[in-house]
Amino acid sequence: MPVFQIAHLSKSFKDLQVLKDISMEVCQGEVVAIIGPSGSGKSTLLRCATFLETMDRGTLSYGNIAAVTCDEQGNSIYASPEILKKARGQFGLVFQNFNLFPHYSVLKNITDAPVSVQKRKEKEVREEAKILLRKMGLSGRENAYPFQLSGGQQQRVSIARALAMKPDILFFDEPTSALDPELTGEILKVIRDLAAEHMTMVIVTHEIDFARKVADRIIFMADGLIVEEGDAETLVSHPRNERTKAFLANLHSPDETAVPR
Amino acid sequence: MNFWNMLAELLKGLTVSVEIFALTLVFSLPLGLVIALGRMSKNVLIKNIFRIYISIMRGTPLMLQLFVWYFGPYYLFKISLSDLSFLGIEYRFTSVIIGFSLNYAAYFAEIYRAGIESIPKGQYEAACVLGYSPVQTFGKIIFPQVIKRIIPPVTNEVITLVKDTSLAFSLSVLEMFTIAKQISSAYTTMVPFAVAGLFYYIFNFAVAAGMEFVEKKLNYYR
Ligand SMILES: Nc1ncnc2c1ncn2[C@@H]1O[C@H](COP(=O)(O)OP(=O)(O)O)[C@@H](O)[C@H]1O
Ligand SMILES: [Mg+2]
């Protein structure tokens with residue numbers, strides 16, 4: 001059973017149809033990259049998946065939790081708040097702008113939701129948070145406040161915050177786009193490490209070389225449609241669709257391995 | 001009347017001024033938050049009721065509002081003012097607290113609203129994705145950040161309130177300004193006004209210092 005499944009998702013903002021009949025599923029341990037020009041609906045797709053936007057049409061489920069079903073016409077029907085709450089426990093989202101809580105220390109940013117939302121034991125959560133911070137290369141920064149950290153460090157804290165909830169799947173919306181170029185490498189390395197541990201992930205990114213190496217599968221979106229999808233290596237080196245070809249030809253993304261670490 | 005007697009009278013008045021000040025804050029600060037939330041309600045009816053409330057409270061003189069609260073019950077409903085006294089508190093004083101609290105709550109409401117609206121949407125979204133309930137989101141994530149942002153405008157209002165307590169003289173509440181005026185006209189002297197002025201200044205100096213302390217305390221994050 002897929003960890004995450006979306007079928008026939010459509011979404012409009014007023015007259016503008018942003019997503020048109022999107023279907024996708026993600027299996028356990030799979031890393032999926034979503035690429036595509038700006039304005040193609042990538043963020044909206046992730047925001048629908050994480051309940052930050054409501055879907056107009058289509059269905060959505062996490063494992064066996066049917067969060068959104070639909071009527072005969074295909075119009076989305078959201079499940080009860082209890083079921084949605086359960087579904088929320090299955091995923092994490094890493095934002096482009098981190099969205100850390102500025103009034104909480106690094107440690108509190110990570111531990112607060114597991115303690116006050118999941119009602120887990122504070123002591124145990126703190127221990128896990130420290131292990132996560134070590135993994136993120138942030139040992140010793142537990143008591144710092146977000147404003148004292150670089151963008152790259154803040155983004156690593158936000159990844160740790162998402163992981164502390166023990167999600168089955170982690171969504172990333174352009175996790176390196178708000179960072180100075182020399183800081184993107186550290187984030188990409190963290191994501192690559194997670195991929196090596198078989199964390200299920202969906203990553204919206206412009207870092208094509210990174211997507212090619214780390215993702216199992218790439219989805220190319222344009223104008224609210226999935227134009228092409230397939231094995232990462234194949235899609236990048238042998239795109240079939242003309243629009244994919246044009247998009248890839250226009251990209252000059254630096255190779256993330258070239259960034260000194 | 002010698003100077004020390006006058007000083008004693010004015011200090012007695014000052015305690016009443018401080019009571020008006022403190023009680024007004026105790027009632028208007030929480031009430032302001034309720035009004036701010038009502039003003040931001042998605043329900044058009046509720047939103048407009050609070051909008052009109054704020055508009056009236058800010059658009060008419062506080063002194064006039066005090067008169068309405070004090071005389072209204074008798075003129076409008078023929079309720080005797082002495083019947084409204086309870087626990088030994090004269091209605092004269094109660095009506096001042098009602099008038100001040102309802103008026104200042106409107107100003108605080110607009111400050112809260114500006115503060116709440118200044119918090120980036122991403123904070124709500126991060127909280128939502130992490131599963132915080134709306135109440136948790138507001139209480140743990142949004143409101144603490146709002147407090148930090150609204151300290152400067154709140155300080156302004158609080159300093160104005162110290163000076164506004166003197167408006168209670170219009171209902172002959174025996175606060176410091178009323179007493180200064182009484183002594184002044186009885187003995188044809190400016191000294192009580194000078195002393196009262198000094199007391200108001202010191203009062204505000206302490207308020208400003210207190211607010212600065214709070215502001216520094218909240219400076220641990222940005
Ligand atoms: N809240 C919104 N209201 C109106 N239009 C929106 C909103 N969010 C996104 N859009 C529009 O939807 C389209 C897709 O946006 P987005 O999902 O952010 O694309 P991408 O992430 O691929 O750049 C854009 O045309 C954008 O202007
Ligand atoms: Mg986007």
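These figures come from a predicted structure and were not determined experimentally. Below, chain A is the first sequence line, B the second, and so on; all start at residue 1.
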Okay, Tyr104(A) and chain B: the region with an atom under 4.5 Å from a heavy atom over there is side chain

*asked:* Taking NZ in Lys140(B) as the centre, count heavy atoms belonging to other residues, nucleotides or ligands within less than 6.0 Å. Is the count above 12?
replied: yes

| Check: Leu218(B) main-chain N/O paired with His103(A) side-chain donor or acceptor under 3.5 Å | no

The interface call for Phe95(A) against chain B, heavy-atom contacts under 4.5 Å, is side chain

If one checks every heavy atom of Leu93(A) against chain B at 4.5 Å, the contacting part turns out to be both

TODO: Step through the shown structure and confirm whether more than 12 heavy atoms of other residues, nucleotides or ligands are within 6.0 Å of CZ on Arg126(A).
DONE: no

Any donor-acceptor pair under 3.5 Å linking the side chain of Arg222(B) with the backbone of Tyr145(A)? no

query = Is any side-chain heavy atom of Ser133(B) closer than 4.5 Å to a side-chain heavy atom of Lys85(A)?
reply = no

Exercise for the section: Inspect the surroundings of CZ in Phe13(A) and state if more than 12 heavy atoms from other residues, nucleotides or ligands are less than 6.0 Å away. Expected result: yes

Turns out that what part of Tyr220(B) lies under 4.5 Å from chain A's heavy atoms comes down to both

Under 4.5 Å to a heavy atom of chain B? For Arg161(A) that would be both

Take a 6.0 Å sphere around OH of Tyr201(B) and say whether it holds more than 12 heavy atoms from other residues, nucleotides or ligands. no

If one checks every heavy atom of Leu100(A) against chain B at 4.5 Å, the contacting part turns out to be backbone

Minimal heavy-atom distance between Arg88(A) and Gly131(B), with the atoms involved, is CD-CA, 4.0 Å

Bottom line for Gln136(B): the part with an atom under 4.5 Å from chain A's heavy atoms is side chain

Under 4.5 Å to a heavy atom of chain A? For Lys121(B) that would be side chain

Does Tyr132(B) reach the main-chain N or O of Ala113(A) with its side chain, forming a donor-acceptor pair under 3.5 Å? yes

Item to check | Min side-chain heavy-atom separation Val129(B)-Phe171(A) under 4.5 Å | outcome: no

What one should report as the nearest heavy-atom pair of Leu130(B) and Met165(A) is O-CE, 3.1 Å

